[in-house]
Amino acid sequence: MRTQTVTRAEYCVIACAEAWRDNGEVLASPMGLIPSVGARLARRTFSPDLLLTDGEALIVGPDGTTEGWLPYRQHLAMVTGGRRHVMMGASQIDRFGNQNISCIGDWDRPARQLLGVRGAPVNTLNNPVSYWVPKHSPRVFVERVDMISGVGYDSAAAAGPSASRFHRIPRVVTDLGVFDFATPDRSMRLASLHPGVTADRVREATGFALTVADDVPDTREPTAGELRLIREVIDPAGSRDREVRA
């Protein structure tokens with residue numbers, strides 16, 4: 001019996017951690033608090049070969065102990081060689097996984113300037129890229145992104161084999177559920193619902209037609225050991241609950 005209810009944030013941590021299951025010896029590059037907790041949890045449990053970084057120039061162990069140096073040239077070699085799995089954020093994402101972190105509105109006169117394209121195209125064409133969205137809404141999940149930063153399945157296919165050969169988006173995790181692209185046309189599918197969330201709630205929060213099965217499973221619960229690691233070792237301050245509130 002559990003002594004405490006599993007929070008929505010903890011289900012999100014588990015869903016993010018699962019993105020790196022069976023990845024082997026690749027660099028996990030989580031962007032955001034909950035993905036970072038998820039990557040560290042995966043390293044401590046079912047993906048012990050994962051490489052973690054301090055976010056700047058060092059490879060670190062699960063406890064933060066330095067394991068090695070990661071110069072920029074080596075980081076780039078890992079990216080272009082497919083030995084990295086990044087979990088990025090998204091200001092917009094569409095039904096084929098095109099992601100926008102650059103601007104909102106027309107390129108010639110945008111209503112809002114964001115981060116810029118940055119490394120998103122190279123990431124998405126060379127190594128697996130998943131996404132984390134802490135607040136699922138129609139403003140983020142749009143029919144068509146205003147600008148393509150991260151490349152989606154339809155854009156990669158249109159560009160040809162050089163773009164699609166290594167392109168893969170394993171999953172999208174939000175505060176409502178987990179999504180993938182396991183459909184014939186590679187459009188987004190609802191893969192699991194976090195407990196307490198309904199499929200209708202997800203549809204209302206999504207600005208495009210989403211593939212939803214008749215019986216969508218729940219996101220899996222953390223084990224007792226995983227819950228202990230999250231609460232007592234990795235994030236004892238409970239920072240995760242500030243990113244996704246109960």
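Thr53 is listed as a side-chain neighbour of Leu27, based on a closest heavy-atom distance under 4.5 Å. Side-chain contact between Phe166 and Asn127: absent, with no pair of heavy atoms (C-beta onward) separated by less than 4.5 Å. A 4.5 Å side-chain heavy-atom check between Arg44 and Ile234 finds at least one atom pair inside the cut-off. Annotation: side chain of Trp20 is not in contact with side chain of Pro170 (no heavy-atom distance under 4.5 Å). Side-chain contact between Val142 and Val145: present, with at least one pair of heavy atoms (C-beta onward) separated by less than 4.5 Å. Using a 4.5 Å heavy-atom threshold, the side chains of Leu70 and Leu58 count as separate. Residues Leu193 and Leu176 fail the side-chain proximity criterion, which asks for heavy atoms closer than 4.5 Å. Residues Leu210 and Arg95 are not in side-chain contact: their nearest non-hydrogen atoms beyond the backbone lie 4.5 Å or more apart.
Considering OG of Ser192 and CD1 of Ile14, their distance stands at 11.5 Å, rounded to 0.5 Å. Atom SG of Cys16 is separated from atom CZ of Arg240 by 13.0 Å, given to the nearest 0.5 angstrom. Between the CG atom of Leu41 and the CD atom of Glu10 there is a distance of 10.5 Å, given to the nearest 0.5 Å. Annotation: the span from Asp218 atom CG to Tyr11 atom OH amounts to 7.5 Å, rounded to 0.5 Å. Leu229 CG to Asp235 CG: the interatomic distance, rounded to the nearest 0.5 Å, is 12.0 Å.
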Begin from the C-alpha positions of Tyr131 and Met31 and carry the test side chain to side chain contact (heavy atoms under 4.5 Å, CB included) through to its verdict. CA-CA 9 Å; Tyr131 292 105; Met31 299 182 183; over 6 Å; no
Between Glu25 and Arg84, does a salt bridge (charged side-chain N to carboxylate O under 4.0 Å, His left out) hold up when you go through it step by step? CA-CA 9 Å; Glu25 192 178 31; Arg84 179 181 186 237; over 6 Å; no
Verify side chain to side chain donor-acceptor pair (under 3.5 Å) between Ser130 and Arg171, making sure each step is shown before the conclusion. CA-CA 5 Å; Ser130 293; Arg171 62 174 46 196; 5.9 Å; no
Take Leu52 and Ile59 through the side chain to side chain contact (heavy atoms under 4.5 Å, CB included) test and state the conclusion after the steps. CA-CA 6 Å; Leu52 302 177; Ile59 296 289; over 6 Å; no
For the pair Met188 and Thr211, evaluate side chain to side chain contact (heavy atoms under 4.5 Å, CB included) and give the outcome as yes or no after the intermediate values. CA-CA 6 Å; Met188 196 179 294; Thr211 298; over 6 Å; no
Take Gln99 and Met88 through the side chain to side chain contact (heavy atoms under 4.5 Å, CB included) test and state the conclusion after the steps. CA-CA 9 Å; Gln99 169 248 33; Met88 299 178 67; 3.5 Å; yes
Could you walk me through whether Glu18 and Arg220 satisfy the salt bridge (charged side-chain N to carboxylate O under 4.0 Å, His left out) test, starting with their C-alpha distance in whole Å, then the side-chain angles of each, then the deciding distance to 0.1 Å, before giving a yes or no? CA-CA 10 Å; Glu18 286 288 344; Arg220 79 163 178 89; 2.6 Å; yes
Run the salt bridge (charged side-chain N to carboxylate O under 4.0 Å, His left out) test on Lys135 and Glu243 for me, step by step, so that the C-alpha distance in whole Å, both residues' side-chain angles and the decisive distance to 0.1 Å come before the verdict. CA-CA 9 Å; Lys135 190 171 182 180; Glu243 191 165 34; over 6 Å; no
Show, in sequence, the C-alpha distance, side-chain angles and deciding distance for Asp106 and Arg109, and conclude whether the salt bridge (charged side-chain N to carboxylate O under 4.0 Å, His left out) test is met. CA-CA 5 Å; Asp106 292 335; Arg109 199 174 185 84; over 6 Å; no
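Within a 6.0 Å sphere centred on CG of Asp63, heavy atoms belonging to other residues, nucleotides or ligands number more than 12. The environment of Arg165 atom CZ is sparse: at most 12 non-hydrogen atoms of other residues, nucleotides or ligands sit within 6.0 angstrom.
Contact detail for Gly150 and Ala120: the closest heavy-atom pair is N-CB, 3.6 Å. Residues Gly89 and Ile101 share a closest heavy-atom pair of O-CG2, 3.9 Å. The shortest heavy-atom contact between Cys103 and Asp146 is O-CB, 3.9 Å. Looking at every heavy atom in both residues, His194 comes nearest to Ala15 through CE1-CB, 4.2 Å. When every heavy atom of Pro222 is checked against every heavy atom of Leu227, the shortest pair comes out as CG-CD1, 3.6 Å. Cys12 and Thr174 make their closest contact through SG-O, 3.6 Å (heavy atoms, listed as atom of the first residue, atom of the second, distance).
Side chains of His167 and Thr124: a donor-acceptor N/O pair is absent below 3.5 angstrom, by distance only. Using a 3.5 Å distance cut-off with no hydrogens or angles, the side chains of Asn100 and Ser102 do not pair a donor with an acceptor. His136 and Asp175 are not linked by any side-chain donor-acceptor pair at a separation below 3.5 angstrom, with hydrogens and angles left out of the test. No hydrogens or angles considered: nothing links the side chains of Thr183 and Arg189 as a donor-acceptor pair under 3.5 Å. Under the 3.5 Å distance criterion, with hydrogens and angles disregarded, a donor-acceptor pair is assigned to the side chains of Asp185 and Ser187. Using modelled atom types, one finds no donor on one side chain facing an acceptor on the other under 3.5 Å when comparing Arg118 with Asn123. A donor atom on one side chain and an acceptor atom on the other are found under 3.5 Å apart for Ser239 and Arg242.
Between the side chain of Ser137 and the backbone N or O of Arg139, at least one donor-acceptor pair lies under 3.5 Å. Under the 3.5 Å distance criterion, the side-chain polar atoms of Ser164 are matched with a main-chain donor or acceptor of Gly160. Of the possible donor and acceptor atoms, one in the side chain of Asn23 sits under 3.5 Å from a partner among the backbone N and O of Arg21. With Arg168 contributing its side chain and Pro128 its backbone, the two residues share no donor-acceptor pair below 3.5 Å. Between the side chain of Ser155 and the main chain of Val151, no donor-acceptor pair closer than 3.5 Å is present. Judged by distance alone, the side chain of Asn98 and the main-chain N or O of Asp94 form no donor-acceptor pair under 3.5 Å. Distance alone, capped at 3.5 Å, places no donor-acceptor pair between the Asp154 side chain and the Ala157 backbone. No donor-acceptor distance shorter than 3.5 angstrom exists from the side chain of Gln92 to the backbone of Arg144, with no hydrogens or angles considered.
Between Tyr153 and Phe181, the angle of the ring planes lies from 30° to 60°, which puts this pair in the tilted group. Ring orientation note: the planes of Phe208 and Phe141 are tilted relative to one another, at an angle of 30° to 60°.
In terms of hydrophobic clustering, with Ile, Leu, Val, Met, Phe, Trp and Tyr side chains grouped at heavy-atom distances under 4.5 Å, Ile93 and Ile169 are assigned to a common cluster. There is no path of hydrophobic side-chain contacts, each under 4.5 Å, that joins Val173 to Phe179. One hydrophobic cluster holds both Met87 and Val26 under the rule that ILVMFWY side chains link at heavy-atom gaps under 4.5 Å. A single hydrophobic cluster is seen to contain both Val202 and Val172, as judged by linkage of ILVMFWY side chains at heavy-atom distances under 4.5 Å, directly or through other members. A single hydrophobic cluster is not seen to contain both Met147 and Val140; linkage of ILVMFWY side chains at heavy-atom distances under 4.5 Å, directly or through other members, places them apart.
Comment: Arg40 does not engage Glu226 in a salt bridge, judged by the lack of any side-chain N to carboxylate O separation of less than 4.0 angstrom.
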